[in-house]
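First the structure, in the form of structure tokens, and then the observations on it.
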Number of protein chains: 2
Amino acid sequence: MASTLLTPGSNAERSRQYNRGLVLGHIRREGEAGRAEIARASGLSTQAVSNIIADLLADGWVVETGRRSGQRGQPAVTYAIRAEAGAALGVEIRPDAVLAAWIDLAGTVLHSARVALTRARPEDVLPVLQGLPGRVAGCSLIGAGVVMPGPVGVTGLSGQASELPGWGGIDAQVALEEALGLPVTVENDANTAAMAERVMGAAQGIDTFACLYFGTGLGLGLVAGGEVFGGAFGNAGEIGHIPVPTPEGPTRLEDVASRMALVRLLAEAGLHPATGDDLAALHAQAPPAYLDWLDRASTALGHAVLLLENLFDPETIILTGALPPPILDDLVARTPLPELSVSNRPDRRHPRLIAGRVGRRAATLGAAALVVNTALSPRLVATA
Amino acid sequence: MASTLLTPGSNAERSRQYNRGLVLGHIRREGEAGRAEIARASGLSTQAVSNIIADLLADGWVVETGRRSGQRGQPAVTYAIRAEAGAALGVEIRPDAVLAAWIDLAGTVLHSARVALTRARPEDVLPVLQGLPGRVAGCSLIGAGVVMPGPVGVTGLSGQASELPGWGGIDAQVALEEALGLPVTVENDANTAAMAERVMGAAQGIDTFACLYFGTGLGLGLVAGGEVFGGAFGNAGEIGHIPVPTPEGPTRLEDVASRMALVRLLAEAGLHPATGDDLAALHAQAPPAYLDWLDRASTALGHAVLLLENLFDPETIILTGALPPPILDDLVARTPLPELSVSNRPDRRHPRLIAGRVGRRAATLGAAALVVNTALSPRLVATA
DNA sequence: GTTGAACCTTCAAGTGAGTTGAGTTAATCG
DNA sequence: CGATTAACTCAACTCACTTGAAGGTTCAAC
């Protein structure tokens with residue numbers, strides 16, 4: 001509900017908040033850290049860091065974890081994030097269900113839930129959301145992230161077409177904040193999945209990366225400098241729609257590299273996997289239809305990798321989403337990495353393409369991860 | 001020379017500097033602005049803004065431009081950026097020459113120069129640079145931007161291959177700062193060209209856009225939230241290397257959409273334009289070879305537009321660089337804009353594709369514009 | 001084993017910048 | 001012309017960071 005200024009000015013209060021985020025962010029990155037070390041890293045005085053740490057201790061955000069000896073001089077007292085200090089709620093609204101997950105500051109999943117829907121209009125969804133915040137005891141909820149299909153963005157859904165009926169005319173963010181009673185961030189599935197990988201998955205410690213997300217189709221989440229990049233209107237990352245060359249002529253990427261494409265190819269071969277386990281079994285059984293898909297999909301993904309590396313120059317690219325891990329691994333192994341790329345360097349810290357570790361629920365968990373990431377990063381925010 | 005912290009903490013001094021940038025940025029965006037108005041926009045108190053404006057007046061950064069009447073209440077005193085308050089130097093280092101341009105805070109070109117080189121090793125270039133800062137009297141230089149070919153970025157050129165011989169082993173940024181005696185920002189040509197369009201060209205007032213730059217090949221400059229986006233290693237924007245479909249099969253974009261490609265096609269038709277004016281005349285003469293190139297290039301650019309819109313969702317895309325304006329206009333007019341794009345919306349504020357207005361010297365001027373943009377934007381910077 | 005350098009931490013005073021609230025000035029509106 | 005509205009200023013206040021001196025611990029060298 002906070003009226004957010006685009007670029008708020010800085011005053012004492014906002015400085016403090018920013019520096020708290022800076023300290024928390026450093027501790028999270030390092031796992032644990034001493035005060036003098038944080039002071040050196042941030043350019044703040046040790047005294048300032050001491051005061052902030054004292055605050056954070058009093059508020060329960062960090063805990064003392066011991067002393068770091070071995071060096072000359074007095075050993076530093078180290079601190080770590082207290083995972084239970086706060087929890088975040090992630091909500092995914094689908095046409096047929098609402099998925100929810102609660103995570104703590106360390107990214108541990110505390111609880112999750114699924115509520116089936118017959119319709120997903122606001123009047124069907126909002127009452128379901130009202131019951132969610134009370135579900136976890138002990139941890140105080142600091143915010144919620146919400147994943148919705150359709151173009152979302154800086155202006156919310158208002159005035160834009162959405163794939164969810166009935167949400168077109170209302171400001172989704174405001175309605176959701178009211179229903180949940182929490183600060184809400186709305187994002188698309190690929191972006192939240194990327195954040196899930198950053199907070200609790202394969203992208204920990206990586207600030208700039210791209211995430212290819214297998215949902216209904218294929219989405220792209222971009223993280224730059226530790227923050228989601230959504231484009232000018234929040235609709236960046238529609239990579240599924242771009243054409244890729246195939247032997248039969250150009251098609252859209254997600255017509256080849258997606259769960260839908262896999263299911264279609266399997267169906268043409270008379271296979272009808274019903275569950276996720278059925279899909280996971282494909283890796284071991286390796287039926288021709290699967291190998292065929294793998295071939296087409298990985299070739300197409302190679303094209304996507306080429307695009308992303310040349311346009312975005314990420315530290316790494318991550319495959320994640322609603323495909324079983326062995327299949328993601330197969331894709332990573334098979335995808336040809338282009339020789340001609342600015343990313344093809346010998347001094348890389350990370351492989352160019354890796355499989356995500358968050359799994360099927362990446363989008364829902366990522367919605368919550370978005371909130372955690374915000375809480376543990378410095379940012380100037382007006383609190384009017 | 002300043003040891004730059006990645007994320008510096010905020011203290012009173014840095015807050016002030018940040019808020020000064022905020023105030024200057026607001027005044028630049030609006031052209032002129034009153035104090036109360038700035039206070040509302042920034043969330044600062046009117047008193048704080050008053051104090052900052054008093055400082056800026058004393059230092060000569062802003063000037064009073066009158067009073068805004070017509071409203072009820074006491075009319076606001078308005079202020080505007082004083083263009084002569086500072087100047088920025090832009091330097092472009094090419095294998096055969098050093099280009100330089102001086103601009104003031106309003107983006108007006110004060111002076112420009114060209115020094116021919118036979119070689120462009122550091123020992124050839126650095127002495128030339130030493131003479132540049134003294135060239136403009138009156139305005140104090142606040143910094144320099146430098147454009148160099150080859151992969152540049154967060155680590156400078158050190159340890160990476162460069163297209164300029166002899167620069168591989170040294171830290172370019174440090175060497176350049178020493179030679180120029182100014183704070184230096186190193187960027188690639190496409191990114192500086194984008195900044196030129198933002199500060200003094202077709203992208204004024206646009207915060208998130210993509211810029212296709214016709215240099216030797218075809219480069220991409222990305223500006224997000226008013227800042228250049230360079231990728232994790234400073235090598236984002238290599239759009240020239242990506243494959244595009246053509247009737248004869250896929251080729252690299254810059255093999256079709258570039259000045260080089262135009263010159264080659266003209267040569268095959270027996271035409272050998274020697275000067276920029278010869279090229280500009282093509283628009284009027286419209287020889288078949290030119291029309292052929294136009295056809296191929298604009299089709300390929302249509303593909304690039306599709307990619308950029310779907311991956312980055314920019315407010316607009318700008319064509320700029322070393323092609324005469326009428327040719328850029330021809331390209332803009334001919335380039336097919338894909339129907340299937342998140343950018344194909346009715347409520348757009350800007351056309352999807354526009355021609356740049358900075359012209360041939362976009363990269364050099366943009367290097368200077370980069371400095372101006374930094375000076376007039378809020379940023380937390382440690383000044384150790 | 002003693003000495004001393006290196007290092008972390010705290011105390012207390014000081015500083016800079018933004019905030020607050022009352023008061024002043026100058027327009028427009030009825 | 002007075003009421004209202006809005007921009008601006010003054011002076012006291014508060015907050016958060018900095019500075020510099022002092023106190024503790026640890027390791028390493030003699």
Side-chain angles (χ1 to χ4, degrees), chain A residues 5 7-23 32-59 62 64-79 378 380-384, chain B residues 5 7-23 26-27 32-59 62 64-79 378 380-384:
Chain A
L5 265 45
T7 44
S10 169
N11 57 23
E13 181 194 343
R14 266 132 47 184
S15 274
R16 177 65 135 193
Q17 194 188 341
Y18 177 91
N19 288 339
R20 272 176 72 124
L22 194 66
V23 169
E32 58 177 34
R35 281 174 277 194
E37 170 197 343
I38 298 171
R40 280 189 300 269
S42 63
L44 295 171
S45 63
T46 57
Q47 186 58 58
V49 175
S50 265
N51 292 340
I52 291 169
I53 291 274
D55 265 22
L56 293 173
L57 271 173
D59 295 353
V62 299
E64 220 179 292
T65 53
R67 320 200 88 194
R68 179 175 290 166
S69 59
Q71 302 260 1
R72 198 186 259 201
Q74 178 167 145
V77 180
T78 56
Y79 300 88
L380 284 174
V381 184
T383 48
Chain B
L5 264 45
T7 45
S10 168
N11 57 22
E13 181 193 344
R14 275 149 16 201
S15 274
R16 176 66 135 196
Q17 193 188 341
Y18 177 91
N19 288 340
R20 271 175 74 124
L22 195 66
V23 169
H26 184 89
I27 296 176
E32 59 177 34
R35 281 175 276 193
E37 170 196 341
I38 298 171
R40 279 189 301 269
S42 62
L44 295 170
S45 62
T46 57
Q47 187 57 55
V49 174
S50 265
N51 292 339
I52 292 170
I53 291 273
D55 264 23
L56 293 173
L57 271 174
D59 295 353
V62 299
E64 218 178 294
T65 53
R67 320 202 87 192
R68 180 173 290 166
S69 58
Q71 303 262 359
R72 201 185 251 205
Q74 179 169 143
V77 180
T78 56
Y79 300 88
L380 284 173
V381 184
T383 48

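Labels below follow one simple rule: chain letters A, B, ... track the order of the sequence lines, proteins then strands, and each chain is numbered from 1.
Every residue was checked against the side chain to side chain contact (heavy atoms under 4.5 Å, CB included) condition with B:Gln71, not counting sequence neighbours, and none meets it. A:Gln47 is linked by a side-chain hydrogen bond (donor to acceptor under 3.5 Å, both in side chains) to A:Asn51, counting only residues two or more places apart in sequence or in another chain. Scanning for side-chain hydrogen bond (donor to acceptor under 3.5 Å, both in side chains) contacts around B:Thr46 gives an empty result, with sequence neighbours left out. Evaluation of the side chain to side chain contact (heavy atoms under 4.5 Å, CB included) rule for B:Ser69 yields B:Pro75 as partners, not counting sequence neighbours. Under the side chain to side chain contact (heavy atoms under 4.5 Å, CB included) criterion, B:Glu37 pairs with B:His26, B:Glu30, B:Ala33, B:Arg40, B:Arg68, not counting sequence neighbours. Qualifying side chain to side chain contact (heavy atoms under 4.5 Å, CB included) partners for B:Glu64, counting only residues two or more places apart in sequence or in other chains: B:Val77, B:Tyr79.
Residues from residues 45-55 of chain B that place a heavy atom under 4.0 Å from any atom of DNA chain C, listed by number: B:Ser45, B:Gln47, B:Ala48, B:Ile52.
In this structure, CZ of B:Arg14 is placed 15 Å from P of C:dG18, rounded to the nearest angstrom. Rounded to an integer number of Å, the gap from CZ of A:Arg68 to P of C:dT9 is 10 Å. Atom CD in A:Glu37 sits about 20 Å away from atom P in C:dA6, given to the nearest Å. We find that CG of B:Asn19 is positioned 13 Å from C1' of C:dT19, with the value rounded to whole Å.
Of the side-chain N and O atoms in A:Asn11, none sit less than 4.0 angstrom from OP1 or OP2 of C:dA17. At D:dC17, none of the side-chain N or O atoms of A:Arg20 fall inside 4.0 Å of OP1 or OP2 (strictly under the cut-off).
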Name the pairs: protein N/O against N/O of nucleotides 13-15 of chain D, kept only if under 3.5 Å.
none

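Here OG of A:Ser50 is found 11.5 Å from CG of A:Leu44. Values are rounded to the nearest 0.5 Å.
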Nucleic acid footprint by protein, nucleotides 22-30 of chain D - heavy-atom cut-off 4.0 Å, B for base, S for sugar-phosphate alone: -BBBBBS--

